[in-house]
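Let me begin by presenting the structure, written as structure tokens, before commenting on it.
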Amino acid sequence: GAVVSQHPSRVICKSGTSVKIECRSLDFQATTMFWYRQFPKKSLMLMATSNEGSKATYEQGVEKDKFLINHASLTLSTLTVTSAHPEDSSFYICSAREGSSGRHEQFFGPGTRLTVL
Amino acid sequence: AQKVTQAQTEISVVEKEDVTLDCVYETRDTTYYLFWYKQPPSGELVFLIRRNSFDEQNEISGRYSWNFQKSTSSFNFTITASQVVDSAVYFCALSEARGAQKLVFGQGTRLTINP
């Protein structure tokens with residue numbers, strides 16, 4: 001099956017620093033990748049949709065200057081949380097969709113748990 | 001706008017009992033997809049099923065079964081003879097069939113199977 005990896009799996013950082021999270025599709029080309037955020041005991045909320053080679057589309061209420069998304073290749077998308085604050089602490093999950101086959105499944109990464117001190 | 005409602009926030013049953021997780025959705029699209037995902041304590045989402053809006057046949061996979069009722073906009077999930085390993089949070093989700101095909105998730109149901 002299609003595999004999506006995320007790195008790092010956990011990160012602890014100080015307030016004010018920036019953190020980059022990588023999302024990779026390991027055995028398929030992902031024309032579209034999605035970034036979700038999940039607070040404890042809550043559901044997944046879509047933050048943005050990124051298509052390879054173009055700017056990400058952010059959901060309402062998500063600050064694009066705060067959460068920088070880059071989808072530079074068909075196998076890699078990155079999410080950078082800039083000037084992180086404790087309220088940014090959350091579980092960030094990416095997913096990827098294969099573009100060529102017309103499949104509608106999104107394959108999810110294992111998630112990255114961010115803790116901002 | 002699309003919306004998914006999982007009214008049961010938590011369910012607790014004893015092992016070997018059958019349990020049904022409810023999912024009700026709202027959409028204006030005539031073509032859409034419905035999903036169920038399992039999220040164990042590790043956090044990784046596990047894909048369980050995808051259902052096309054045109055396919056109202058019920059599906060069974062081992063101890064899992066799904067009942068899709070378009071008339072009531074429901075897509076319920078039943079676990080038969082539950083096991084402790086079934087303990088997890090289960091999410092129902094909906095996506096449009098065209099365009100970005102973004103997933104909209106329900107609030108999730110935390111299922112605890114007690115030995």
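- Surrounding NZ of K70(B) are more than 12 heavy atoms belonging to other residues, nucleotides or ligands, all under 6.0 Å away.
- Under a cut-off of 6.0 angstrom, the local environment of CG in L117(A) is crowded, with over 12 non-hydrogen atoms contributed by other residues, nucleotides or ligands.
- In the hydrophobic cluster analysis, where Ile, Leu, Val, Met, Phe, Trp and Tyr join through side-chain heavy atoms closer than 4.5 angstrom, V19(A) is grouped together with M47(A).
- Note: F108(A) and F47(B) fail the aromatic proximity criterion, with ring centroids not under 6.0 Å apart.
- Listed for the S43(A) side chain is a donor-acceptor partner under 3.5 Å among the backbone atoms of G106(B).
- For the pair Q39(B)/F91(A), a side-chain contact is recorded, criterion being any heavy-atom separation below 4.5 Å from C-beta on.
- Residue contact with chain B, scored on non-hydrogen atoms closer than 4.5 Å, involves the side chain of Q38(A) exclusively.
- By the rule that hydrophobic residues join a cluster once side-chain heavy atoms approach within less than 4.5 Å of another member, V89(B) and L111(B) end up as members of separate clusters.
- Side-chain atoms of Q106(A) and Q101(B) form no donor-acceptor pair, as typed in the model, at a separation below 3.5 Å.
- Going from atom CG of L45(B) over to atom CG of L44(A) covers 5.5 Å, rounded to the nearest 0.5 Å.
- Contacts of L46(A) with chain B are made by side-chain atoms alone, with heavy-atom separations under 4.5 Å and no backbone atom involved.
- Looking at Q6(B), there are no atoms closer than 4.5 Å to chain A (heavy atoms on both sides), in backbone or side chain.
- Around the CD atom of E87(A), the shell of radius 6.0 Å holds more than 12 heavy atoms that belong to other residues, nucleotides or ligands.
- Both I49(B) and V19(B) are assigned to one and the same hydrophobic cluster, defined by single-linkage of ILVMFWY side chains at heavy-atom distances under 4.5 Å.
- In terms of non-hydrogen atom pairs under 4.5 Å with chain B, the most contact-rich of M45(A), E59(A), K42(A) is E59(A).
- At most 12 heavy atoms of other shown residues, nucleotides or ligands fall within 6.0 angstrom of atom NZ in K16(B).
- Distance check: K102(B) NZ to Y36(A) OH gives 9.5 Å after rounding to the nearest 0.5 Å.
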